[in-house]
Every structure is written in structure tokens, then in C-alpha cells.
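Keep in mind that the numbers below use all heavy atoms, side chains included, and drop hydrogens, waters and symmetry copies. Order of the sequence lines sets the chain letters (A, B, ...), proteins ahead of strands, with each chain counted from 1. Computed from a predicted structure; not experimentally measured.
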Amino acid sequence: MADLAQDLVTTHGVSPPGSAPPPTQRKWTRRPGWTATLMLLPAAVVVFGVVVYPMLRTLLISFFEVNSAVATSTPFVGLRNYADILADRAFWSSVGRTLYFTVVSTGLELTFGMAIALLLNAPLRLRWLFRAIVVLPWALPTVVNGAMWRGVLNAQYGSLNALLTQLHVLPDYHSWLGTPFSALNMLVIADVWKTTPLVAFFLLSGLQSIAPDIYESARVDGAGPVRSFWSLTLPLLLPSVSIVLILRTIDAFKVFDLVYVLTGGGPANGTQTIAFFTYAQAFSNQRFGFGSALADVIVACILVLSAIYLRALRRGEMSVL
Amino acid sequence: MIDPSAHLIPTRRQVLLGGMGAASAALLAACSVTGNSSKGSGGSGKGTLQALFMQQAGYSTDDVNAMLGRFHSANPDITVKPTFVTYEALHNKIVTAAAAGAYDVVLIDVIWPAEFATTSIVADVSSRYPGDWKTAMLGGALATAEYQDKFYGVGWGMDTKFFYRNSQQLKQAGVADGPLETWDDVLAAARALKSKGVVKFPLAWSWSQAEALMCDYTQLLGAFGGTFLYDSGKLAINTGGGVAALQWMRQTIVDGLTNPASTTFLEADVQKTMNEGQAAMGLNWTYYLATSKDTTQSKVAGQIEVQQTPAGPSGKRPGVNGAMALSISSGSKNQDAAWKLIEHLTSEQELDKYASSALPIWKDSYTKPDVVASAPATFDAAKAQLDDMILRPGVKNYNAISQAIQVELQNALLGKKPAQQALDDAVKTATPLMQG
């Protein structure tokens with residue numbers, strides 16, 4: 001009985017009737033798992049330094065009018081920066097362009113990624129080589145990818161024009177980045193080219209977790225490859241698709257470096273996405289308060305998008321895919 | 001029974017979140033909103049200087065490194081660590097580095113003194129200016145770093161956009177030898193070049209959505225008798241010569257005389273296009289002539305000639321002031337040594353050595369036969385053009401105003417809006433920014 005009471009005390013903090021109360025000031029540092037906390041502390045400090053603190057500081061600055069990197073006078077303006085954002089037509093235009101870029105690029109990446117994943121999952125000879133080749137675009141830094149596409153798409157000496165005119169697909173050189181809509185679509189292509197391998201590998205890992213037996217059963221039941229894909233592969237891949245969709249949507253929504261290198265936001269602001277708009281306002285125009293408010297709006301948008309996806313996933317609404 | 005004191009013992013999560021919260025509160029409370037509290041000082045006049053330069057146009061990286069080498073020989077106590085960035089990255093690099101005081105000396109464009117002076121990013125060096133500099137230096141060079149009668153740097157290389165023409169191609173098209181004096185002459189030559197099939201698009205421009213577009217437009221605005229601002233300080237580009245210049249620019253695209261890809265070009269693209277022989281005429285900075293003669297970069301070496309920018313219907317032919325200046329960061333802790341460096345880099349002796357890359361800021365240099373001989377054609381064109389410069393507005397919010405104008409210029413160039421409407425819209429967007 002005494003042993004049981006002691007067990008209760010040590011394991012559940014329960015005092016047996018009539019027993020003396022346990023020491024109340026047991027040091028919290030002796031709690032189980034504290035070693036793990038200490039070991040996590042360096043990572044926590046880093047996360048605090050590069051994520052938490054900058055976010056809090058950005059939020060703080062967004063309530064002030066800060067018009068210089070070394071400003072000494074920074075009047076408090078409350079929510080005025082946020083109100084200015086909502087009244088800014090350039091902001092809404094950049095939101096529209098960002099949504100277009102996000103939807104089209106994510107859709108194409110998912111489509112091409114699925115096709116490549118199915119191909120790489122097939123029992124091909126030299127499959128390891130194809131997998132290595134496919135991953136190459138993803139291995140390129142985004143800035144290098146942007147610079148490469150700038151060269152490829154250059155109207156005067158770009159390789160795309162040279163190829164298409166030599167194949168007689170185009171009669172003359174075309175300025176791919178010369179009009180706003182065309183330039184925005186070129187950004188999509190550059191992004192799709194780089195990021196499709198990532199999507200493909202995510203989906204490939206999902207494909208490899210599907211037991212081959214069920215395809216055999218489906219085949220015995222008379223299902224062809226197309227029916228198997230729609231009725232088996234796609235539903236079973238849904239968790240992978242959902243993860244890819246969330247990751248790519250968030251990533252595409254905050255596209256910046258590709259725009260910076262490839263078009264600089266032009267022509268006629270036709271490729272100015274919300275992240276690039278934020279950068280231009282904060283650093284080119286030294287409107288740090290306004291820029292910080294914009295950054296907070298981007299974070300809020302991404303949180304909302306993520307919440308919608310996650311809720312849809314929980315409710316099973318993603319099965320429409 | 002549950003031990004009530006257990007509630008007093010913080011969990012690990014509470015400890016971590018509490019710690020982060022307390023640290024955030026302490027840090028946020030301890031700093032100003034911008035987090036900047038450093039003030040600059042003269043320093044000891046020796047030590048290490050961090051300097052920020054541009055890596056294209058004007059003085060090359062090799063030129064700058066050679067200048068710095070000589071400076072170090074003359075000042076062994078001072079070591080200079082240079083950083084080179086593209087023009088497009090220069091402004092924002094200066095801004096983001098300012099809070100940390102990362103650079104002692106920064107290269108600034110002629111359009112930035114108002115912004116950097118009012119935002120305290122660069123230091124007022126008026127008291128350091130020797131008295132004779134104001135008479136010995138070209139007026140355009142003095143104006144480069146001047147804002148409200150104070151100097152925020154020293155001009156470092158005069159520059160303006162000259163007109164370059166491929167004499168060989170013009171000859172093939174039957175155009176008379178010699179400079180094209182007016183923009184009408186340029187159009188006539190372009191039509192001849194196109195009709196005779198010498199080159200498909202005779203003209204190339206840097207009309208990308210960037211400051212390069214503003215430079216070309218400014219030069220044409222001046223030629224067409226326009227002005228950026230009324231005397232009252234309000235924008236005037238949507239009247240008279242401002243509109244006529246933009247209509248003229250658009251028409252050259254419609255007529256197939258301007259390469260339509262010009263709306264994606266910077267000056268480097270104009271350089272490549274002309275050096276490939278795919279355009280016969282274009283505006284560019286001083287440095288271009290030297291690259292056109294370099295057979296490793298040019299297929300038309302020896303064919304490119306430089307001249308003063310042509311005159312417009314107004315008879316005027318001003319060049320855009322594209323000079324740069326060296327400034328001291330307000331936060332520099334070694335401003336005395338920084339000034340020594342600026343004095344060295346802007347000295348007549350140094351600048352004369354590189355007159356073919358960027359024109360000297362000193363009046364004397366233009367009378368020295370050996371300096372003029374380094375680029376006689378450029379000096380010949382510069383003699384007239386540097387006397388008649390047109391400045392872009394020297395206002396605090398110039399960058400934002402310029403962006404608004406660039407977008408509308410492109411809307412007109414792409415045929416999305418008539419010139420008048422585009423410029424009206426530009427003025428409407430930019431006017432509130434003029435107050436800042």
C-alpha cells in the first residue's frame with residue numbers, strides 16, 4: 001500500500017490521504033524532458049532571431065510612419081498604413097497578378113509533376129538516370145534560373161527566338177518579355193520549369209507508398225490504366241497532392257527573386273507581384289512603415305490560404321481533385 | 001488529490017514562450033522604431049574603409065581597383081575594401097546598409113541627393129569643400145551632389161547620353177557622312193536604312209521599365225522643348241514638349257524604325273544590339289564608344305561614331321545629366337579617412353587617366369591635349385553637350401515619382417494608352433508624391 005502511494009506521488013502528483021504534503025518547490029529544471037528542452041534551445045534562439053523577432057518588429061514598424069532607414073522621427077500612425085494599402089490601386093493590381101501567377105503556375109506544376117512522377121514510377125531502364133536528370137532544374141538557385149531564362153527569352157539574342165525561327169515556327173524574333181501579359185506568362189514558365197521536379201518527387205514518394213496489389217486487383221476486375229488512375233492512384237495520392245498544393249501555393253504567392261531578375265516588375269508594372277511591390281515600396285521608396293504593413297498583409301494572406309487548404313483537407317473536400 | 005502547487009511549476013513550453021516574449025519586449029522597447037542609434041564621427045583618419053561602387057558603365061572594376069591601389073600607396077594607414085554592385089542594386093544596397101553603417105563611402109546617382117540628404121543617409125560635406133573647387137569644377141559636376149545649397153558628395157565622372165551612329169551602315173543606306181543634327185535627320189536616316197534593308201530596326205533604345213527609360217525620355221523631352229517642372233514646382237510633363245516627345249517615341253515603334261524589344265532593353269542591351277550590327281543608331285553613355293571599338297565585344301569595331309545628341313523641333317539639344325558622386329555615409333565612424341579617399345578618387349590627376357570611360361569633372365582637363373587625345377570625338381561632342389544639361393527633378397521622392405512616370409511611359413510605348421492620357425495619369429499619380 002505504501003509503495004502504491006509512493007508510486008502515485010511520483011507518477012501523478014497525487015497525495016495519499018493522511019500523508020504529508022510533498023515538497024512544493026521541486027525545481028522545474030528537474031522535470032523529465034528538460035534536457036531535451038535545453039538541447040532545443042539553440043534552435044529556438046535561432047528561430048526567435050530570424051523569424052519571431054523580425055515578424056514582431058515588422059508588425060511594430062507597420063504602425064509608424066518610417067521614411068528612412070536611419071529615421072529619428074517616426075510618428076505613430078496607428079492603422080493608417082493598412083488603410084493606405086486598401087486604398088492603393090497598385091496594391092490590388094499586384095494582388096490580381098499574384099493570384100494569376102499562383103493559380104496558373106501551381107496548376108501547371110501539379111499537372112506536369114504528376115505526369116513526370118507517373119513516368120518515373122514506371123519500370124523503365126535507367127530510371128535512376130532519369131530521376132537524376134529531372135531533379136537538375138530544382139537544384140539551380142532561383143536567381144540563376146531567372147538569369148538563365150532572361151538569356152533564353154531575350155528578344156535580340158535569346159536562344160528561344162533562334163530555335164523557333166530556325167525551325168520556322170516563328171517568322172521573326174519575338175519580344176517575349178515585351179508586353180505585360182506575355183511577360184507574366186514567361187515568369188510562370190520559368191517557375192514551372194524550376195519547380196515541377198520538386199512536385200514530381202513529392203508525388204513520386206506518394207506513388208511508391210501505394211501497394212502494387214491493388215492495381216493487380218483492379219486489373220482483374222477489368223479496370224484499365226485510365227480508370228485505375230482516376231479511381232485508385234489519384235485518391236490515394238491525395239495527402240501528397242494536398243501537401244504539394246499548400247507548399248507551392250504559399251511559395252508562388254510570395255514570388256520575388258524571379259521577378260527581380262527576369263523583369264524587374266515591368267513592362268508597365270505587368271509583372272509586379274505583391275512581394276515585389278512590397279520590396280519597391282519599402283526599399284526603393286523608403287516607405288518602411290507602409291512596406292512593413294504590406295509584409296504583414298502577405299503573411300495574413302498566406303495564413304488564410306493555408307487555413308482554407310487545411311480545413312478543406314480535414315473535411316475531405318480535397319477529394320474533388 | 002492533485003497537488004495544487006503543480007500549477008505553479010511552469011511547463012517547458014511556458015518557459016520558452018515566456019522567454020521569447022520577454023526577450024522580444026525587451027528588444028523592441030530598447031530600440032527606436034528603425035533600430036538605429038549610431039551616429040557618425042570623424043574618426044582617426046586611418047584604418048579600414050568600406051566603399052560601395054558600381055560595376056558597370058563609367059569607371060570599370062579594374063579602373064577603380066587601380067585608383068584604390070594608388071590611394072593605398074599614398075595613404076598606407078588606410079585600407080579600402082571595395083564592394084561592386086550593379087546600378088540597379090545600388091540604391092537599395094545603400095538604403096539597407098545605412099542602418100548598420102556598413103559603408104563609409106558610397107557612390108550615389110545624380111537623382112538621389114535630395115532623398116539621401118533628407119533621410120540622413122549621407123553626410124553634408126559642404127564644410128570640407130575647398131573654396132576653389134566651386135570655380136574649378138564643371139557646373140554639372142557641382143550640381144550632381146548638391147541639394148538646397150549644400151553638398152552631399154563630390155561628382156565622380158561626368159556623364160550624359162551621347163548619340164552613336166554606325167557610319168558604315170549609314171553609308172550603305174546612302175546617308176551623307178557626318179553628324180545627324182536633328183531628330184528629323186535621324187528619322188530620315190532610319191527610314192533609309194530600313195528601306196534599303198541595311199538593318200531591320202535602325203534604332204535601339206533603353207526603354208525598359210527602369211531609370212534608363214527616364215534618361216532617354218528626359219533627353220528627348222528637352223529636345224522637344226518640354227520641361228519636367230513648372231516654376232511652381234508642379235509636374236509639367238503632360239504638356240507641350242513632354243507629350244510631343246512621347247508621341248515621337250511611340251511613332252518610331254509604330255513605323256518599325258525602333259526595335260520593339262527596346263521596351264525590355266537597358267543600356268547594356270543597346271550596346272550589344274549595336275555591337276552586333278543589329279541597330280545603326282542609339283543613345284548611350286560615354287563608356288559605349290570604347291566598348292564598340294573592342295573587337296572581343298563588337299562586330300562593328302571602328303564603325304561607331306559619337307556625336308552630340310540631335311536637336312528637336314525646339315532647336316534645343318540638351319543632354320541628360322547622368323553623373324554620379326561619391327558620398328560619405330552619415331553613420332561612418334571614419335569620415336576623415338573617407339574624405340581623404342574621396343579627394344583622391346575625384347582628383348584631376350586620377351580622373352584624367354580614365355577620360356575615355358567617364359568625362360572628368362574638372363574644367364582644366366578639357367584643355368589638356370593629352371587628356372583630350374584619349375577620346376577626341378567624345379570630348380568634341382561633350383564640349384557642347386556638357387554646357388547644356390537637363391536635370392531630372394531633385395526631389396525627395398524622386399524614385400517613387402520616376403516609377404510612376406516609367407509605368408505610364410511604357411503604357412504609351414506599348415500602345416496601351418495615348419501619350420497625352422498616359423502622361424496625365426503619370427502626373428495624377430506623381431503629384432501627391434511631390435509634396436513629400
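- Between B:Asp255 and B:Lys194, no side-chain nitrogen of the basic residue sits less than 4.0 Å from a carboxylate oxygen of the acidic one, so the salt-bridge criterion is not met.
- In terms of heavy-atom pairs under 4.5 Å with chain A, the best-connected choice from B:Gln278, B:Glu88, B:Glu276 is B:Gln278.
- Aromatic ring pairs are classed by plane angle as parallel below 30°, tilted from 30° to 60° and perpendicular above 60°; the pair A:Tyr260 and A:Phe276 is tilted.
- With a 4.5 angstrom heavy-atom cutoff, B:Phe116 touches chain A only via side-chain atoms.
- Ranked by heavy-atom pairs shorter than 4.5 Å toward chain A, the options B:Thr96, B:Thr263, B:Leu414 are led by B:Leu414.
- Residue with the most contacts toward chain B among A:Ala155, A:Pro267, A:Gly266: A:Pro267 (heavy-atom pairs, distance under 4.5 Å).
- Considering only residues two or more places apart in sequence or on other chains, B:Asp216 meets the side chain to side chain donor-acceptor pair (under 3.5 Å) condition with B:Lys161, B:Ser206, B:Trp207.
- Contacts of A:Phe63 with chain B are absent, with no heavy-atom separation under 4.5 Å from either backbone or side chain.
- Proximity to chain A (any heavy atom under 4.5 Å) is restricted, for B:Gln403, to the side chain, taken from C-beta onward.
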Determine all donor-acceptor pairs shorter than 3.5 Å in which one atom belongs to a side chain in residues 179-187 of chain A; sequence neighbours excluded.
from: A:Ser182; atom 1: OG; to: A:Trp176; atom 2: O; distance (Å): 2.5
from: A:Asn185; atom 1: OD1; to: A:Tyr100; atom 2: OH; distance (Å): 2.7
from: A:Asn185; atom 1: ND2; to: A:Phe181; atom 2: O; distance (Å): 3.1

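- For chain A, the nearby parts of B:Ala89 are the backbone and the side chain; heavy atoms of each come within less than 4.5 Å.
- When only modelled atom types and interatomic distance are considered, B:Ser402 and B:Glu211 share a side-chain donor-acceptor pair under 3.5 Å.
- Proximity of a side-chain donor or acceptor of B:Gln335 to a complementary backbone N or O of B:Ser330 within less than 3.5 Å is detected.
- Using a 4.5 Å cut-off between heavy atoms, B:Phe265 contacts chain A through its side chain alone, with no backbone atom that close.
- Note: B:Trp112 and B:Tyr87 have parallel aromatic rings, judged against thresholds of 30 and 60 degrees for the angle between ring planes.
- Considering only heavy-atom pairs separated by less than 4.5 Å from chain B, the leading option among A:Gly289, A:Ser284, A:Gly264, A:Gly265 is A:Ser284.
- Looking only at heavy-atom pairs under 4.5 Å with chain A, the residue among B:Asn411, B:Ile401, B:Thr429, B:Asn399 that has the most is B:Asn399.
- None of B:Asp269, B:Thr264, B:Asn259 except one satisfies the side chain to side chain donor-acceptor pair (under 3.5 Å) rule with A:Gln156; the exception is B:Asn259.
- Among A:Ala268, A:Gly178, A:Gly270, the residue making the largest number of heavy-atom pairs under 4.5 Å with chain B is A:Ala268.
- Neither the backbone nor the side chain of A:Tyr173 has a heavy atom closer than 4.5 Å to any heavy atom of chain B.
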